[in-house]
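Being a predicted model, the structure only gives us computed values, none of them experimental.
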Amino acid sequence: MKNSTDIGVKMLWLADKLANIRSLAGVYSERGEAMWQTLHQKDPEMHRWYYKTIAETVELSLNKTGAFKELIKHINSIWPGTFDSEKAKYKKYREVSVDGCRQIGHGAKGDVYRYDDELVIKVYNQNNTYHDVEQEIALSRRAFILGIPTAISFGIVSVGSRYGAMYELVESDTFSQCIARSPGQVETYAGMMANLAHSIHDIEVTEQDGFPDVCDRLRTYIRSGIAYEDESLAKRCLDLIDTLPPSDHLVHGDFHTNNVFLQNGEPLLIDMDRLSTGHPIAEISDLYYFYVVLGEDDPAVVEKFMGFSYETAVQFFHAFLKRYLGTEDADKLREVTEKASFLCYARMVRKLRKSGQISEPDRKKIHHYLEKTAQLAAKLDTLEM
């Protein structure tokens, strides 16, 4: 349902879930919390999650309908406070179009367009809900307060059947566009990215700030990929991740040149939904993934994503690493690159498995990445730098 662009599919889901929750609300009004023990799924929180997710997914398409308003009313009656009461009222989002607008960025969650001289719009993928957009905007505001140079969104809009977030970014281009125009300056931009990374990684937060641990994401790569292929290798990988000490310093989590704009000579970050705490090797592994590993089998993947050649992408990573570590020592650079590549190859196994049915070519790639991961796992004692 989240991936469907058919309004009829969303209408059918809404009608079905509304019929279900009407019955649920009727029984709940009579039996209260005792109702849950009569159901197959006895955890009320799981029911709340399910109905909340359905509502968030159909909201943009169907929030004008009485059915949607009634669904929100029943959810809030069973689980008070799940939604703001305003959700039960019709809310009209400003409708904008990106037809004819220049695309200036691309990422896993959506595309960024230059709307006019002062504004850009990030248009989220079809399966992103209002909550996803709202959460990213809230994180960007927290990041700004903490000192991360970031663009602040000032509104959620609708772009056809998708959500968008508007940002004020005057006369700015992404670092990817700058590098594509001037590949000879790649080391300059790599140095700016290294300085930006340090400014993020130097920020210390508290547990009360509520940022997740980046190691949880790294463990997910293992548990959702390698663990299905080789349990003993998965255990070794998880043990290596456990060598990373807890950290209360920030990492961006999606750090690449499509997510950094150059405005008046200063970098500005967007895409804050993966902001977390942890060791910087996680950030470096993300960079190695985007600029090197994704293009090892097919350089065109990186070239399409970044907008410049794979050769330039590899050059960018190595220039970044030298500036970030502040060294030309070949042994040190090789050591850190191996640790980053270990996490990347494990991530690739998960990426290929996520596609559902695994083709024969993908099965061969998985075997290749498992071998790479196993070789590095046997060699490494720690992921600390």
Side-chain angles (χ1 to χ4, degrees), residues 107-109 135-152 175 189-222 237-261 266-291 316-327 329 332-333 335-344 346-347 380-385:
K109 295 191 75 170
Q135 187 175 44
E136 182 171 330
I137 289 174
L139 279 171
S140 70
R141 288 174 179 154
R142 288 166 64 192
F144 181 80
I145 291 169
L146 289 166
I148 296 177
T150 182
I152 303 297
F175 269 38
Y189 292 111
M192 294 177 71
M193 287 286 284
N195 292 337
L196 179 59
H198 274 298
S199 72
I200 297 169
H201 301 164
D202 288 344
I203 295 174
E204 193 171 355
V205 295
T206 67
E207 188 175 337
Q208 286 68 40
D209 288 310
F211 292 103
D213 184 348
V214 73
C215 285
D216 291 340
R217 174 162 65 92
L218 302 181
R219 293 185 186 100
T220 298
Y221 294 154
I222 308 301
C237 293
L238 291 171
D239 287 344
L240 276 170
I241 291 172
D242 287 343
T243 64
L244 293 174
S247 172
D248 51 12
H249 289 260
L250 288 178
V251 291
H252 181 258
D254 199 15
F255 194 67
H256 56 76
T257 49
N258 280 343
N259 280 341
V260 185
F261 286 80
E266 297 294 328
L268 281 177
L269 268 163
I270 62 170
D271 278 9
M272 293 294 167
D273 60 302
R274 285 189 174 181
L275 201 62
S276 49
T277 58
H279 195 282
I281 189 62
E283 201 94 278
I284 292 172
S285 76
D286 286 342
L287 283 158
Y288 194 73
Y289 174 80
F290 288 123
Y291 293 95
F316 171 85
F317 172 79
H318 290 295
F320 170 89
L321 191 61
K322 289 177 183 178
R323 288 292 297 272
Y324 182 84
L325 296 177
T327 184
D329 185 279
K332 178 63 176 178
L333 294 168
E335 172 202 331
V336 174
T337 300
E338 285 179 344
K339 292 173 179 178
S341 62
F342 162 77
L343 292 170
C344 289
R347 181 175 179 176
L380 298 173
D381 295 320
T382 179
L383 294 182
E384 282 197 85
M385 297 190 300

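Annotation: side chain to side chain donor-acceptor pair (under 3.5 Å) contacts of Asp329 (sequence neighbours excluded): none. With sequence neighbours left out, the side chain to side chain donor-acceptor pair (under 3.5 Å) criterion links Asp202 to no other residue. For Tyr289, the ring-ring contact (aromatic ring centres under 6.0 Å, His included) test picks out no residue, with sequence neighbours left out.
For the pair Arg347 and Phe290, the distance from NZ or CZ to the six-membered ring centre is under 6.0 Å and the angle to the ring normal is within 45 degrees.
In this structure, Leu343 CG and Ile281 CD1 are separated by 6.5 Å, a value rounded to the nearest 0.5 Å. To the nearest 0.5 Å, atoms CD1 (Ile137) and CG (Asp273) are separated by 11.5 Å. The distance from atom CG of Leu240 to atom CG of Leu380, rounded to the nearest 0.5 Å, is 6.0 Å. Distance check: Asp242 CG to Cys237 SG gives 11.5 Å after rounding to the nearest 0.5 Å. One finds the CG atom of Asp286 at 7.0 Å from the CZ atom of Arg274 (value rounded to the nearest 0.5 Å). Atom CG of Asn259 and atom NE2 of His252 lie 5.5 Å apart (nearest 0.5 Å).
Residues Ser285 and Cys344 approach most closely at O-SG, 2.9 Å, considering heavy atoms. A pairwise comparison of heavy atoms in Pro212 and Ser276 identifies O-CB, 3.0 Å as the closest pair. The shortest non-hydrogen separation linking Ala143 to Met272 is CB-SD, 4.0 Å. Across all their heavy atoms, Arg323 and Ala194 have their closest contact at CB-CB, 3.7 Å. Contact detail for Glu283 and Asp254: the closest heavy-atom pair is OE1-N, 4.2 Å.
Ring geometry, Phe320 versus Tyr324: the interplanar angle falls under 30°, so the pair is classed parallel (tilted spans 30 to 60°). Note on ring orientation: taking the six-membered ring where Trp is involved, the planes of Tyr291 and Phe316 are tilted (angle from 30° to 60°).
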Practice item. Check the pair Tyr288 / Leu321 against side chain to side chain contact (heavy atoms under 4.5 Å, CB included), numbers first and verdict last. Key: CA-CA 10 Å; Tyr288 194 73; Leu321 191 61; over 6 Å; no
Practice item. Show your working on side chain to side chain contact (heavy atoms under 4.5 Å, CB included) between Phe255 and Ile284 and close with a plain yes or no. Key: CA-CA 9 Å; Phe255 194 67; Ile284 292 172; over 6 Å; no
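Side chain of Thr150 to backbone of Leu269: a donor-acceptor contact under 3.5 angstrom is found. With hydrogens and angles disregarded, no donor-acceptor distance shorter than 3.5 Å links the side chain of Thr243 to the backbone of Asp239.
In this structure, Val251 and Arg217 have side chains that are not in contact, with every pair of non-hydrogen atoms separated by 4.5 Å or more. Put simply, the side chain of Thr257 does not reach to within 4.5 Å of the side chain of Tyr189, judged on heavy atoms. Using a 4.5 Å heavy-atom cutoff, the side chains of Pro149 and Leu196 are in contact. You'll find the side chain of Ile148 reaches within 4.5 Å of the side chain of Leu275, heavy atoms only. Inter-residue side-chain proximity for His279 and Met385 is flagged as met; some heavy-atom pair is nearer than 4.5 Å. Contact of the Asp248 side chain with the Phe211 side chain is not registered, since no non-hydrogen atoms from C-beta on lie closer than 4.5 Å. By the 4.5 Å heavy-atom criterion applied to side chains, Leu244 and Val214 are not counted as neighbours. Side chains of Val260 and Leu268 form no contact here, defined as non-hydrogen atoms less than 4.5 Å apart.
Side-chain contact of Asn195 with His198: a donor-acceptor pair under 3.5 Å is absent, judged by distance alone.
Within a 6.0 Å sphere centred on CD of Glu384, heavy atoms belonging to other residues, nucleotides or ligands number more than 12. For NZ of Lys322, the number of neighbouring non-hydrogen atoms (other residues, nucleotides, ligands) closer than 6.0 Å is 12 at most.
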